[in-house]
Trainee: 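Can you keep this structure in mind? I'll have questions shortly.
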Amino acid sequence: MTHALLVIDVQNDFCPGGALAVAGGDEIVAPINAMMEEFDAVILTQDWHPAGHSSFASSHKGKSPFELIDMPYGPQVLWPDHCVQDSKGAAFHPELRTDGDLILRKGFRSGIDSYSAFFENDHQTPTGLKGYLETRGITRLTLVGLATDFCVHYSAVDAARLGFDVTVRMDACRAIDMDGSLAAAEQAMRDAGVTLA
Ligand code: VGL
Ligand code: ZN
């Protein structure tokens, strides 16, 4: 059984002082670094948007961050500009260990967001992570990172649906928590068969 740690989006823009700061986002860096020792493989994801990305409220006239819009692929929350490719905000937290095996970038197509590390927000376009994990014989995944209710949530649910044995270490995650999104995410993860630890 090969067990990987999947570290979701521990980037400056999701930490205090960042463009889409998650409360306490930086508190999970030291515990995640320590956990890396315990796994057969370590994979990090990086939210990686081109300037003017369609998930940015600034790309939609008259819209504000945290409003919901309809995109061709379904509803989409609009965000402040964040994790713009090559910006300081898109960089990993400076204290995060980045000597893992794979860094997977997502959200790099202008017209579609990608919360999940497996599929873009149309739930169809693959990122390639499934093939990578299968090719390496990885069957168990432990997820940590930011944000619990968005990228961790969607990644965990997709992983479970794809047949991986999935645990989310809630103590090493932090949430945005808008309009009950954390409670809804916890329920959706449990319903998908994800273990919340
Ligand atoms: C995320 C909102 C927008 C996340 C990424 O990493 O959870 N949330 N982009
Ligand atoms: Zn994003």
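Just follow the structure's listing: the first ligand is 1, and inside any ligand the first atom is 1.
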Trainee: Ring-plane angle category for Phe39 and His3, please: parallel below 30°, perpendicular beyond 60°, tilted otherwise.
Mentor: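 Perpendicular.
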Trainee: Has ligand 1 got any nitrogen or oxygen that is less than 3.5 angstrom from a nitrogen or oxygen of Asp9?
Mentor: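 Checking ligand 1 against Asp9, an N or O pair does fall under 3.5 Å apart.
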Trainee: Nearest heavy atom to atom 2 (C) of ligand 1: which of Phe150, Trp79, Phe56 does it belong to?
Mentor: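 Looking at heavy atoms only, the winner is Trp79.
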Trainee: When you measure from the side chain of Thr148 to the backbone N and O of Arg174, does any donor-acceptor pair fall under 3.5 Å?
Mentor: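 Yes.
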Trainee: Out of all atoms in ligand 1, which are within 4.0 Å of some heavy atom of Cys151? Include the element for each.
Mentor: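 Within the 4.0 Å cut-off of Cys151, ligand 1 contributes 1 (C), 4 (C), 5 (C), 6 (O), 7 (O).
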Trainee: The Zn ion (ligand 2) and Asp47: any N/O/S contact shorter than 2.8 Å?
Mentor: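 Yes - counting backbone and side chain alike, Asp47 has an N, O or S atom under 2.8 Å.
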Trainee: Hey, is the Zn ion (ligand 2) within less than 2.8 Å of some N/O/S atom on His53?
Mentor: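 No, since none of the N, O or S atoms of His53 sits under 2.8 Å from the Zn ion (ligand 2).
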Trainee: Would you kindly specify which portion of Leu146 sits under 4.0 Å from ligand 1, judged on non-hydrogen atoms: side chain, backbone, both or neither?
Mentor: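 Just the backbone.
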Trainee: Between the side chain of Asn12 and the main-chain N/O of Lys88, is any donor-acceptor distance below 3.5 Å?
Mentor: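 Yes; judged by distance alone, with no hydrogens or angles, the pair exists.
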Trainee: Taking only heavy atoms of His82 into account, list the atoms of ligand 1 that are under 4.0 Å away from them.
Mentor: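 Every atom of ligand 1 under 4.0 Å from some heavy atom of His82: 3 (C), 9 (N).
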Trainee: Could you tell me whether Phe108 and His53 have their ring centroids closer than 6.0 angstrom?
Mentor: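 Centroid distance Phe108-His53: not below 6.0 Å, so no.
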Trainee: Answer yes or no: does an N/O atom from Asp47 fall short of 3.5 Å to an N/O atom of ligand 1?
Mentor: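 Asp47 vs ligand 1: N/O contact under 3.5 Å present.
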Trainee: Are His82 and Phe56 close enough that their ring centers fall under 6.0 Å?
Mentor: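 For His82 and Phe56, the ring centres are under 6.0 Å apart.
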Trainee: Answer yes if the side chains of Gln76 and Asn121 hold a donor-acceptor pair under 3.5 Å, and no otherwise.
Mentor: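 Indeed, the side chains of Gln76 and Asn121 share at least one donor-acceptor pair under 3.5 Å.
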Trainee: Before signing off on this row, confirm whether Leu20 and ligand 1 have an N or O atom pair separated by under 3.5 Å.
Mentor: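 Not met; the criterion fails.
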Trainee: Does the shortest distance from the Zn ion (ligand 2) to an N/O/S atom of His49 fall below 2.8 Å?
Mentor: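 It does; at least one qualifying atom falls short of 2.8 Å.
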Trainee: Using only atom types and a distance under 3.5 Å, with no angle test, would you say the side chain of Asp122 pairs donor to acceptor with the backbone of Tyr73?
Mentor: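 No; judged by distance alone, with no hydrogens or angles, the pair does not exist.
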Trainee: Among Ile28, Val152, Leu20, Asp26, find the residue that satisfies the side-chain contact (heavy atoms from CB on, under 4.5 Å) test when tested with Leu146.
Mentor: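 Checked Ile28, Val152, Leu20, Asp26 against Leu146; only one passes side-chain contact (heavy atoms from CB on, under 4.5 Å): Ile28.
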Trainee: Which atoms of ligand 1 sit under 4.0 Å from any heavy atom of Phe14?
Mentor: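 Once the distances to Phe14 are compared, the set is 1 (C), 4 (C), 5 (C), 6 (O), 9 (N).
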